[in-house]
Participant: 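This is the structure I have questions about; it appears just below.
We name chains A, B, ... by the order of the sequence lines, and we start the count at 1 in each one.
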Amino acid sequence: MEGQNMMIRPYGDTMNDGAIQLSFTLPVPHSAKADEAARQYAKKLGFNEVEVVHSNPLSDKFTFFVIYGKTTQQLDYDKVEVEAIEKTMDYYEVNNYIEENIKRKIVVVGACTGTDAHTVGIDAIMNMKGFDQHYGLERYPMIEAINMGAQITNEELIERAVELNADAILVSQVVTQKEVHIQNMTDLIELMEAEGVRSKMLVVAGGPRISNKLALELGYDAGFGRGTFPENVASFVVEKMVEKKAVSS
Amino acid sequence: MEGQNMMIRPYGDTMNDGAIQLSFTLPVPHSAKADEAARQYAKKLGFNEVEVVHSNPLSDKFTFFVIYGKTTQQLDYDKVEVEAIEKTMDYYEVNNYIEENIKRKIVVVGACTGTDAHTVGIDAIMNMKGFDQHYGLERYPMIEAINMGAQITNEELIERAVELNADAILVSQVVTQKEVHIQNMTDLIELMEAEGVRSKMLVVAGGPRISNKLALELGYDAGFGRGTFPENVASFVVEKMVEKKAVSS
Amino acid sequence: MMDSKLNLDKSKIKKARQLSKEIAGPVNEYISQHTTVAIERATLRLLGADGVSKDEVPVPNMVINSLGDKIQYGAAKYYINALIRKNVSPQELNELIADGLDISSIDFTDQKLIDQKAEELVEGAAKRIKENVAYRSGKIDQYKEKENSPLLYLIVATGNIFEDVKQAQAAAKQGADIIAVIRTTGQSLLDFVPYGATTEGFGGTYATQENFKIMRKALDEVGEETGKYIRLVNYCSGLCMPEIAAMGALERLDMMLNDSMYGVLFRDINMYRTFVDQKFSRMINAFADITINSGEDNYLTTSDAYEKAYTVTASQFINEQFAYDSGLPAKLMGLGHAFEINPQMENGFLYEMAQAQMAREIFPEAPLKYMPPTKYMTGDIFKGFIMNAMFNFIAKSTNQGILLLGMLTEAIHTPFMQDRFLAVENARYILNSTKDFSNDIEFKKDGIMQTRAQDVLDQTIEFLENINQQGLFDSIENKMFAEVSRPKHGGKGFDGVTEKAKDYFNPVYKYLENELGLK
Amino acid sequence: MMDSKLNLDKSKIKKARQLSKEIAGPVNEYISQHTTVAIERATLRLLGADGVSKDEVPVPNMVINSLGDKIQYGAAKYYINALIRKNVSPQELNELIADGLDISSIDFTDQKLIDQKAEELVEGAAKRIKENVAYRSGKIDQYKEKENSPLLYLIVATGNIFEDVKQAQAAAKQGADIIAVIRTTGQSLLDFVPYGATTEGFGGTYATQENFKIMRKALDEVGEETGKYIRLVNYCSGLCMPEIAAMGALERLDMMLNDSMYGVLFRDINMYRTFVDQKFSRMINAFADITINSGEDNYLTTSDAYEKAYTVTASQFINEQFAYDSGLPAKLMGLGHAFEINPQMENGFLYEMAQAQMAREIFPEAPLKYMPPTKYMTGDIFKGFIMNAMFNFIAKSTNQGILLLGMLTEAIHTPFMQDRFLAVENARYILNSTKDFSNDIEFKKDGIMQTRAQDVLDQTIEFLENINQQGLFDSIENKMFAEVSRPKHGGKGFDGVTEKAKDYFNPVYKYLENELGLK
Ligand code: B12
Ligand code: B12
Ligand SMILES: Cc1ncc(COP(=O)(O)O)c(C=O)c1O
Ligand SMILES: Cc1ncc(COP(=O)(O)O)c(C=O)c1O
């Protein structure tokens, strides 16, 4: 499939039928007019053969709709570039890699920052017992992993990382409402730059709504989303460290 | 609210946030690349802040996605015109209306046509006992209602209607796969025109996927969708009959 | 394995069975005296007739058309006679017929020769079918532990056999145990079986022997891949009941929709025609070890599930009786019922569970086929999805055998691939999470569920008594089933019924009667 | 009304209660000797302190700040003294303080006068609260029959109180009985309560007295419209437990999240601080007839619901004990638990039902608060929706009191309006359809569910014994709860704890102790 042009469209029951299910709420009272508005709205979004299959009042002023529609929009699948970091080494390979290429224990400091109190994600990456049968970084013989927990301010995190001469900072952000994570993540980088330590360590972010793309945009070295395993981030960190050293030396 | 310009957008938890839920399948194997393709596809559809919140393989070649996104598309609600026929008279009013304005029993012949065997819809409209506490047309003292049942060919239906000198034909179409209803509905009108009887009676269609709009396009006098009650179509028929007579006389 | 939760009166169950037997009596009398065009065509097919003419008329139909009244003597005789007289293989004869050969007027050869040839041909077909049976049971034994319980039954219905294959294979990978290829709307009213691979159907795909073959192969393939025997289902019902049964037996289908009265009530097929046809079709299914599915769910798409629950139970008894009369053992009786209770009904879940449990206790060996909510499904796919979950729950908690998975888009379109995936996901979650719930609870004595089941059983007996008094034919005319009246001599296909002549000849029928111990 | 399904050993339940009493003993000892900045601020608020300075520092905090060590004598004394000395109303004094008046150094007037004024002020607050209680019970009586059972609890969390109002009113119209305004992330770590109406929160809306008032009014309105009393919930937990309780009592909140250990374990608040604070906050809630909700669900967001089920039960016993010790009757104890069983687990439904039924049988009078699946919710909103259905099913079938409705988008965002609607639709369907299921079934003797409940109860007792040996403070340090260790003198807010002086003065505390029969 690769190489040649591969235009794709959603599939309902026939190739390229473009079938899509939608649901949304409109701020209008439930009525035949509301149904028609929902239909027209879906048309505006570019769907055709739009069917408002269900509508229900949510209050005097809002109506909920379920819609099926079809679209002729297509995407060239071959042009899709994945920025996600695909799994590379496993637990043993990472340790060997460090022994061979870095030749010392590396230091990694992690925290869930700001007012965010979700520890489970960063724990999954760092704690001994790990996550879904994948050992956490604390278990890696060649990694010194310090998990500061949650509700850590950016200042505290940087202070600790500098103090320990860390090779990498791991930041977890789970609460994303009103884009609070963007603010928080941006602040960290600005603070590090202000303190002149940004270039001294890798900075990696993670969380269910974090993508590598977003992290790169915000000045991080990488970002990891839902379903990340410890070895994914470990692989990235050690390879990046070696790569950076190669460049700088 | 009417009269003034009222631009609307979907509502998630903040006015005009434009939040929409989508789900669809793409014909690609489940992978990070597939997730990214889904994201880009949603962007192509005009959504921003797209989040692929779930993806799952359906087979080696297909992947299912759940997506939330936001759109800035807006619709002027005041410009929405409803073509649906809003409920008018009730059972008693219809009978009185016929007595006063038509002064004879009217004749209505109904059927679910073609290979379509769904009788419940046309029964709901025509049978004595009706539907959801709304009497069916057979119960109306001023309506002579003949329900031919299902799987009736267009030819049979027309023949019967002509024989009975019907005022209106009621057609039910429930199966719509591969647009079979469009073909079937179109054929009926063409046949009636060929036989020169189209102008002699009203032709009304109904079914869960039938809209007034579609019916008008196909040359019908009206179309009725899900949740229609007998009095809705009765009101339409009798008023239209009177209107037509007024015009022709 | 099963202890009673409902405390049903055994003597009442016995009484209902006795009544069904009495009801079936006069019908069986009629059946034994008649044949139909479909029976004759099915017989021809099992003897080797196949193919179509230039105008797409199937060879079996060409034979029957040319026979006219002579079918009272059995079409087999003419076909076999022609084989001998022309000294050709069935394959060659089929081509001759397709090209216009009229075999109805060829002089008869010695009856001995005909009998001999008949035996040879019947043995050939029987061998093929027995091999199918052996293959199937071998595979099922081999892969037993991977099966879901109940078996997950999914439908495909694209109208195009090749799209169906994709959908079916995907469904099997997702966890389906059974794939049903829904037939195109209208096929049940055709008095012939279309030919070849087809790509144009509405709401389903034509049942043709070639389509059966294609799908069988696809399912065997994906079965080997996933380490499972994937069962294939199609529909006998309609004007071609025995013919489709014959094709299914030859192509190793595993289940057939096959109700004794469905065609009459829901397709307006003449009742005499249907009763005669269903018998032979069920004999074929019995011989081919094919599980039949009856269609009691259909009663509830028009009538209320609470009010008319007893019609379902009564029909199950009647279907059982006719199945026994065709040589089907209980283990092949996928008696139907459905979760069509109004979701608005207070304690609806309890009534539904009582009904499902009752079916389980009355028919302990039957692999009951439980149908999902359809009537009260709406465009609210979310609500629909949890109705399906409650349905799956009851199916598991009452040990149903076959679980036809509900689609969240039931009210909207024939299933998308993702709809099917979600259905399997739903079922697997519920089945696994409630695995031993059934064994872990008891129903309260004289509680709502016990009382309900007992009431329905009483109503069923009353209803069966009423039918027995009127006779089944009149009962149908008198609108006692599904709130629809079917005139005895009305409906489709009555002209295809013929009284058998005294020297009616049908070696297949005879063979099956012997094999099934019906004579 | 309730007969036992689980066949639990009564003497074991008694034993667990005895252990909890012993565990609470030393903690109560500590509590009785200490006060905190939050207790003092709460006391001040009930006496009339309110408002903020130009820099947004709340008046109660300004008083406490100026008192320093003197709070060991009770802030009330200084506040009342200032009222008398300045001869002003609380309103006027608040303004003076906001403008900079330091009341810590005003000479004391006659203690008699202070006592007298104190009584007057306490009576005033008590009257307002008693009126709230009377109003509430009147309305609940009036509208009783329209309530769902269990009560449907929905959250709003837009961050903006005015948006919250819209969402809450819509939810009430959709059928909610209870509205909780989730707090903004981080508020529990603030050692003050923000002031006024607020429109900027993350993942929730600030708890302020003005916000309470606004939402109370909105719910009363929609309640009258729909013929129902809509209950309002907020969160005591955090560094301001008693203060928020005080505000809730004044503004007629109906429920308060109020766990004896939540802040310690899940917000890293110092344990001494929390134990002291929770006592007074619960006394206020008890007096104001406010149902508390404990937070056992949180254990299961980090630990496995099957492995660590006993920690939930143990915590329920401990919460119960501390609640009794604060004068709360059982009927106000919304003890928590949660449906966090792994959806992949075989028979997970049975374990979950056993656990929920066990809570019901051990705490027969408590309006148990059952929390929905959260941890195993994913972006697969369809699967999530049926997990919520199974949760609703168990809630109904085990007679839970308060049903916090799960959101199909739990793993994605704080609820959209439509998510809430779907949740209500889900619950209403299940509750109605399974209405009497609980009464209609029994659990099999020594079956999976009975055995499971008995095992968990045994584990609970073992666990409580272990805690009792170590003492509660050390147990927490030793990671026995929620797999987290909290150092005794670590965490937030320890510097806000002060040993009471011998002549510590707190007329509110005293009044409540009397009213609640604690002394
Ligand atoms: C458990 C939980 C809690 C627990 C947290 C317990 C704890 N000790 O962590 C409690 C009950 C305390 C809680 C509280 C709140 N929660 Co909460 N919570 C959840 C829940 C149910 C599960 C989160 C979880 O543990 N996931 C499992 C872990 C393993 O997954 P993960 O975090 O995604 O981590 C993985 C990857 O993202 C990645 N990763 C994560 N971090 C990092 C870091 C690095 C460096 C790398 C490489 C990778 C990585 O790797 C991990 C393993 O694969 C989610 C809903 C859900 N089902 O997702 C809501 C949820 C996250 N919570 C939410 C909210 C709003 C809150 C509150 C703010 C609500 C309130 N106002 O009170 C509070 C306050 C918390 C606060 N101040 O931050 C929202 C967030 C909405 C949003 N998008 O902004 C959610 C989505 C629920 C909802 N729909 O409202 N919560
Ligand atoms: C009951 C039912 C059946 C029953 C029909 C029994 C009977 N006697 O009618 C049985 C089991 C026989 C059946 C069979 C099939 N069905 Co069917 N069936 C349904 C089901 C579950 C409910 C339909 C119904 O009765 N609705 C209730 C009535 C009251 O609603 P209604 O028809 O919309 O009518 C209202 C309005 O539309 C309007 N109206 C309707 N007609 C008219 C006419 C006029 C003049 C007016 C004014 C108004 C009007 O007023 C009515 C009252 O408000 C739907 C799924 C669903 N939940 O909707 C599938 C459904 C309609 N069936 C479907 C299919 C494909 C079939 C089959 C073709 C499948 C197959 N291949 O075997 C077969 C064959 C039928 C055939 N040849 O046509 C599809 C159609 C898909 C599509 N969009 O094309 C559906 C949507 C299911 C699905 N998802 O696959 N079906
Ligand atoms: C027993 C039985 N046969 C056949 C069918 C399919 O119907 P047809 O192929 O006649 O459209 C059904 C559908 O519900 C059925 O229950
Ligand atoms: C008892 C209790 N209090 C409070 C909260 C809310 O937490 P926060 O401290 O973020 O307000 C919860 C949330 O789960 C809880 O269970």
Participant: At what distance, to the nearest 0.5 angstrom, does CD of B/Gln21 lie from CZ of C/Phe382?
Facilitator: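 CZ of C/Phe382 is found 4.5 Å from CD of B/Gln21.
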
Participant: Is it the case that atom CD in B/Glu179 sees more than 12 heavy atoms from other parts of the structure closer than 6.0 Å?
Facilitator: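 Atom CD in B/Glu179 is packed in, count exceeds 12.
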
Participant: Return the CG to OG distance between C/Asp419 and B/Ser23, rounded to the nearest 0.5 Å.
Facilitator: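 Atom-to-atom, C/Asp419:CG and B/Ser23:OG are 8.0 Å apart.
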
Participant: Can you check whether B/Phe64's main-chain N or O pairs, donor with acceptor, with C/Gln418's side chain at less than 3.5 Å?
Facilitator: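 No: the side chain of C/Gln418 does not pair with the backbone of B/Phe64.
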
Participant: Evaluate whether atom CD of B/Glu163 has more than 12 neighbouring non-hydrogen atoms of other residues, nucleotides or ligands under 6.0 angstrom away.
Facilitator: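 More than 12 within 6.0 Å, yes.
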
Participant: State the CZ-OG1 distance between C/Phe202 and B/Thr176, to the nearest 0.5 angstrom.
Facilitator: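 Atom-to-atom, C/Phe202:CZ and B/Thr176:OG1 are 11.0 Å apart.
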
Participant: If you define the side chain from C-beta out and look only at heavy atoms, does anything of B/Thr115 sit under 4.5 Å from C/Leu189?
Facilitator: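 No; the side chains remain at least 4.5 Å from each other.
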
Participant: Do you know which two heavy atoms are closest between B/Leu58 and C/Gln174, and how far apart they sit?
Facilitator: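 Smallest interatomic distance, heavy atoms only, reads O-NE2, 2.7 Å.
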
Participant: Heavy-atom cut-off 4.5 Å, strictly under: side chain, backbone, both or neither for C/Arg420 against chain B?
Facilitator: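 Contact with chain B is absent: no heavy atom of C/Arg420 under 4.5 Å.
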
Participant: Below 4.5 Å from any heavy atom of chain B, which atoms of C/Thr301 appear? Answer side chain, backbone, both or neither.
Facilitator: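 For C/Thr301, the backbone is the part near chain B, not the side chain.
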
Participant: Is it the backbone or the side chain of C/Glu483 that comes under 4.5 Å from a heavy atom of chain B, or both, or neither?
Facilitator: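 For C/Glu483, side-chain heavy atoms alone lie under 4.5 Å from chain B.
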
Participant: Heavy-atom count check: over 12 atoms from other residues, nucleotides or ligands less than 6.0 Å from C/Glu224 CD?
Facilitator: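 Counting neighbours around CD of C/Glu224, more than 12 heavy atoms of other residues, nucleotides or ligands fall under 6.0 Å, so yes.
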
Participant: Any side-chain heavy atom of C/Thr185 within less than 4.5 Å of one from B/Gln177?
Facilitator: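 Result no, sub-4.5 Å side-chain heavy-atom pair not found.
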
Participant: Please state whether the side chain, the backbone, both or neither of B/Thr63 comes within less than 4.5 Å of a heavy atom of chain C.
Facilitator: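 For B/Thr63, no heavy atom lies under 4.5 Å from chain C.
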
Participant: With a 4.5 angstrom heavy-atom cut-off, could you sort out which part of B/Arg209 is near chain C: side chain, backbone, both or neither?
Facilitator: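 Side chain of B/Arg209 only, per the 4.5 Å heavy-atom cut-off to chain C.
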
Participant: Pick one of side chain, backbone, both or neither for C/Ala411, based on which atoms fall under 4.5 Å of a heavy atom in chain B.
Facilitator: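 The backbone, not the side chain.
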
Participant: Please classify the contact between B/Asn56 and chain C as side chain, backbone, both or neither, with a heavy-atom cut-off of under 4.5 Å.
Facilitator: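 For B/Asn56, the contact with chain C is made by the side chain alone.
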
Participant: Check the surroundings of atom OH in C/Tyr206: do more than 12 heavy atoms from other residues, nucleotides or ligands lie under 6.0 Å from it?
Facilitator: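 At most 12 heavy atoms, drawn from other residues, nucleotides or ligands, come within 6.0 Å of this atom.
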
Participant: If we only count heavy atoms from C-beta on, is the B/Gln151 to C/Arg267 side-chain gap below 4.5 Å?
Facilitator: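 A side-chain contact exists here, since the closest heavy-atom pair is under 4.5 Å.
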
Participant: If you count heavy atoms of other groups shown closer than 6.0 angstrom to OH of B/Tyr135, is the number above 12?
Facilitator: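 Counting other residues, nucleotides and ligands, OH of B/Tyr135 stays at 12 neighbours or fewer.
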
Participant: Based on non-hydrogen pairs under 4.5 Å, which of C/Lys173, C/Met417, C/Glu425 is most in contact with chain B?
Facilitator: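 The answer is C/Met417.
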
